[in-house]
Amino acid sequence: MSQQMIKVALAGNPNSGKTTLFNALTGARQQVGNYPGITVEKKEGFLNIDDFSIHFVDLPGTYSLTAYSQEELVARNFLIQERPDLVVDVINASSLERNLYLAIQILELGAPLILVLNMMDEVRAQGININSPLLSKRLGVPVVETVARHGLGKKMLVQTILKEAKKKPSWTPLILSYGPDLDPALEKMVTAIKQENNNAFPYPPHWLALKILENDEEIKGIILKENPKLYKKLDQIYQEVSAHCEKTLNTYPEAIIADYRYGFISSLLKDVVQKNTHAERIAVSDKIDKILTHKFIGPLLMFGVLYAVYKLTFSLGEYPLTWVNNLFDFLANTVNNILPDGLLKSLIVSGIIGGVGGVVSFVPLIALMFLFLSFLEDSGYMARVAYMLDRVFRIFGLHGSSIMPFIISGGIAGGCAVPGVMAARTLRSPKERLATILTVPFMTCGAKLPLFILLTGTFFPKNKASILFLISMLGWVVALLVAKILRSTIIRGPATPFVMELPPYRLPTWQGLFIHSWEKTWLYLKKAGTVILAISILIWALMTFPTLPKQKLNFYQKQIDQIQSQISRLKKTDPLNDKIKTLLAQQQKLKNKLQNEQLTNSFAGRIGQALEKITILAGFDWKTNIALIGGFAAKEVIVSTLGTAYSLGDNANNSVSLAEKLKNDPSWNTAKALALMVFVLLYAPCMVTIVTIAKEESWKWAGFSLIFNTIVAFILALLTYNVFS
């Protein structure tokens with residue numbers, strides 16, 4: 001017998017514990033992707049129970065269904081277009097009034113709703129009592145109490161979902177009164193919609209009318225496109241009521257709607273929430289914040305915490321890093337011994353193992369860093385970091401909301417500039433948004449980490465955590481200085497206010513930590529197995545073709561064969577002869593020389609040598625240039641390209657790691673390593689980020705970012721190299 005499918009959407013405000021509940025319900029039965037055409041993450045999971053399969057969709061965290069941000073738009077469109085069987089709204093019970101604002105909007109849309117009052121342990125700790133049965137009775141929806149991070153209430157929620165799904169609830173919109181000024185206008189709009197709509201829109205008429213009064217640009221655009229005649233009628237009513245409200249009340253319809261919703265919530269909560277005055281006290285989070293967000297102590301502790309992340313990552317990750325490196329060395333040696341010399345062997349050893357292996361070998365360190373950062377994020381500390389940095393951001397002309405795009409882009413290491421650029425949509429001021437978009441690529445994203453880890457471990461083994469920490473801080477300093485320059489010159493404009501809610505501190509669950517860190521690590525691995533593999537093979541081809549003239553190849557091959565004949569004769573007559581070692585060394589030297597000439601003759605070699613006339617000023621030779629060109633496509637490719645270049649070039653020795661090759665190369669030193677890290681940190685964003693900037697702003701600003709960032713990076717790399725030389 002086939003199982004009956006129940007589609008359940010999980011909605012809720014950010015920091016409500018929605019994703020923690022999603023993880024508790026679905027465990028490992030999850031899949032992560034993106035909504036079509038955008039970078040907002042889509043999480044889905046399944047729970048099979050009895051004859052039912054519950055399909056959970058974790059919607060982006062949002063405060064309302066008014067489409068100001070991409071997340072709000074995604075959540076709203078999913079509810080309207082997918083029409084799930086049930087919507088579970090996860091509420092932070094400590095902030096019941098504010099969280100219910102989203103629930104009211106979901107009910108106005110007509111969706112069958114289950115309310116989850118989460119974090120009830122914190123509510124009780126604050127001496128607050130919530131009468132859930134009374135709230136359920138007044139709203140007409142089931143209310144379930146949970147403590148998601150401990151799994152409490154999960155069973156009751158699943159039973160409630162099954163019970164409600166069996167009723168097959170219909171979509172019935174909640175109709176609220178919005179007062180004598182708006183109700184008549186709403187009635188006129190609903191009548192016009194019913195007359196003109198002809199079921200063309202998948203929205204309840206009353207909800208559609210509300211969106212017009214809330215001046216919802218997306219809904220207005222849809223109506224204008226589908227039915228210009230109806231749009232004209234609705235817009236005329238909106239203009240009339242808007243002018244009336246401004247004239248009589250000195251306000252606008254959207255504000256009146258918000259006031260009436262909160263008024264409804266206030267009456268709804270009367271006698272539902274009771275505070276035990278004898279138990280009221282300063283919350284634990286407030287006590288902790290007096291220290292962690294202190295004007296002077298807070299920033300010092302923040303730097304200490306972030307430095308500890310780097311220190312622990314290197315200390316704990318040293319052994320697994322060695323194991324993975326040894327595994328790839330073993331693979332390279334095995335293939336080297338099995339396959340005869342030729343293009344296939346070169347492709348596998350140098351292109352695939354030397355390229356992709358160079359990136360994948362850093363997975364243990366990156367996974368550990370993601371684990372620690374997930375702990376900081378889930379515990380609520382990252383919100384404090386954002387709060388403290390807001391004071392600094394204002395000095396440099398950025399908005400407080402710019403902090404999250406910076407952190408998402410890798411402001412604490414390990415992020416990605418693409419979602420960071422997208423996250424800047426939350427900024428209302430176009431100029432503050434543009435300044436943020438142009439500066440977030442300076443952060444230490446996860447794609448840059450492999451090179452930084454490689455160079456710090458090779459040239460600064462005793463201070464690798466300190467150097468990596470300082471490089472990350474340099475990204476912040478340059479980003480802020482560039483923002484100040486841009487906001488004082490070509491992107492002038494006034495600053496806008498910033499308000500931020502600090503969630504209470506929570507002890508993260510092991511399940512949540514592992515799921516979050518695994519998701520990010522898996523995306524990194526998936527990229528290594530697809531994008532980086534493809535680019536590595538492409539770069540290997542550019543480093544391999546065109547081949548040397550046949551005459552020169554024959555010349556080298558003849559000498560190599562002659563030495564091989566001598567070695568074979570000696571092994572037969574005198575296998576312990578010391579001359580065998582000398583001949584083997586001569587033969588390897590000839591092979592390296594042949595490979596090096598081939599590399600310099602290739603397309604990539606010619607481009608790298610042409611650029612060397614300029615880049616040598618910052619210490620970059622032609623092999624490094626090839627890697628940096630590959631980095632325009634994806635920053636992870638820099639390490640894989642270096643691995644391929646040194647596997648093909650005169651340092652070719654596949655039994656030695658890339659770190660050892662660089663360490664033994666006389667052209668490398670600490671000054672060059674520092675200069676390269678500075679350049680990679682700051683130079684042009686990767687191809688995907690450039691396209692994202694173009695979509696969010698324009699190709700003009702994308703081109704500006706490409707050229708401007710590279711110039712800034714080269715100047716600072718040049719200074720670094722010459723100072724430390």
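We're numbering straight along the sequence, starting at 1.
Residues passing the salt bridge (Lys or Arg N to Asp or Glu O under 4.0 Å) test with K7 are E82, sequence neighbours excluded. With sequence neighbours excluded, no residue forms a salt bridge (Lys or Arg N to Asp or Glu O under 4.0 Å) with K225.
By the 4.5 Å heavy-atom criterion applied to side chains, N48 and Q3 are counted as neighbours. Contact of the Q105 side chain with the R76 side chain is not registered, since no non-hydrogen atoms from C-beta on lie closer than 4.5 Å. The closest side-chain heavy-atom distance from F56 to I161 is below 4.5 Å. The side-chain heavy atoms of S16 and I91, taken from C-beta on, include no pair separated by under 4.5 Å.
For S53 (side chain) and I49 (main-chain N/O), no donor-acceptor pair under 3.5 Å exists by modelled atom type. D85 places no side-chain N or O within 3.5 Å of a backbone atom of I6 that could act as its donor or acceptor partner. Side-chain atoms of K154 never come within 3.5 Å of backbone atoms of A148 as a donor-acceptor pair (strictly under, hydrogens ignored). In this structure a side-chain-to-backbone donor-acceptor pair under 3.5 Å is missing from R384 to T293. With T689 contributing its side chain and P685 its backbone, the two residues share no donor-acceptor pair below 3.5 Å. A donor-acceptor pair under 3.5 Å is formed between the side chain of S136 and the backbone N or O of V141. With hydrogens and angles ignored, the 3.5 Å screen pairs no side-chain donor or acceptor of S95 with any backbone N or O of N92. Of the possible donor and acceptor atoms, one in the side chain of N13 sits under 3.5 Å from a partner among the backbone N and O of T62. Of the possible polar contacts, one joining the D216 side chain to the E218 backbone as a donor-acceptor pair under 3.5 Å is found. Under the 3.5 Å distance criterion, the side-chain polar atoms of K166 are left unmatched by any main-chain donor or acceptor of L162.
Residue-environment remark: CE (M388) exceeds the threshold of 12 foreign heavy atoms within 6.0 Å.
When ring centroids are compared, F442 and W476 stay outside the 6.0 Å threshold. Between F514 and W518, the distance separating the two ring centers is not shorter than 6.0 angstrom.
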- Task: Go through the steps for R149 and E122 under the test salt bridge (Lys or Arg N to Asp or Glu O under 4.0 Å), then give the verdict.
- Result: CA-CA 12 Å; R149 67 179 179 274; E122 294 176 7; 3.5 Å; yes
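Using a 30° and 60° split on the angle between ring planes, W323 and Y319 fall in the tilted class, from 30° to 60°.
Residues in residues 82-107 take part in these ring pair (Phe, Tyr, Trp, His ring centres under 6.0 Å) pairs, two or more places apart or across chains: Y101-Y262.
Checked against L113 for a side-chain contact (heavy atoms from CB on, under 4.5 Å), the options L86, D89, V88 give a single hit: D89.
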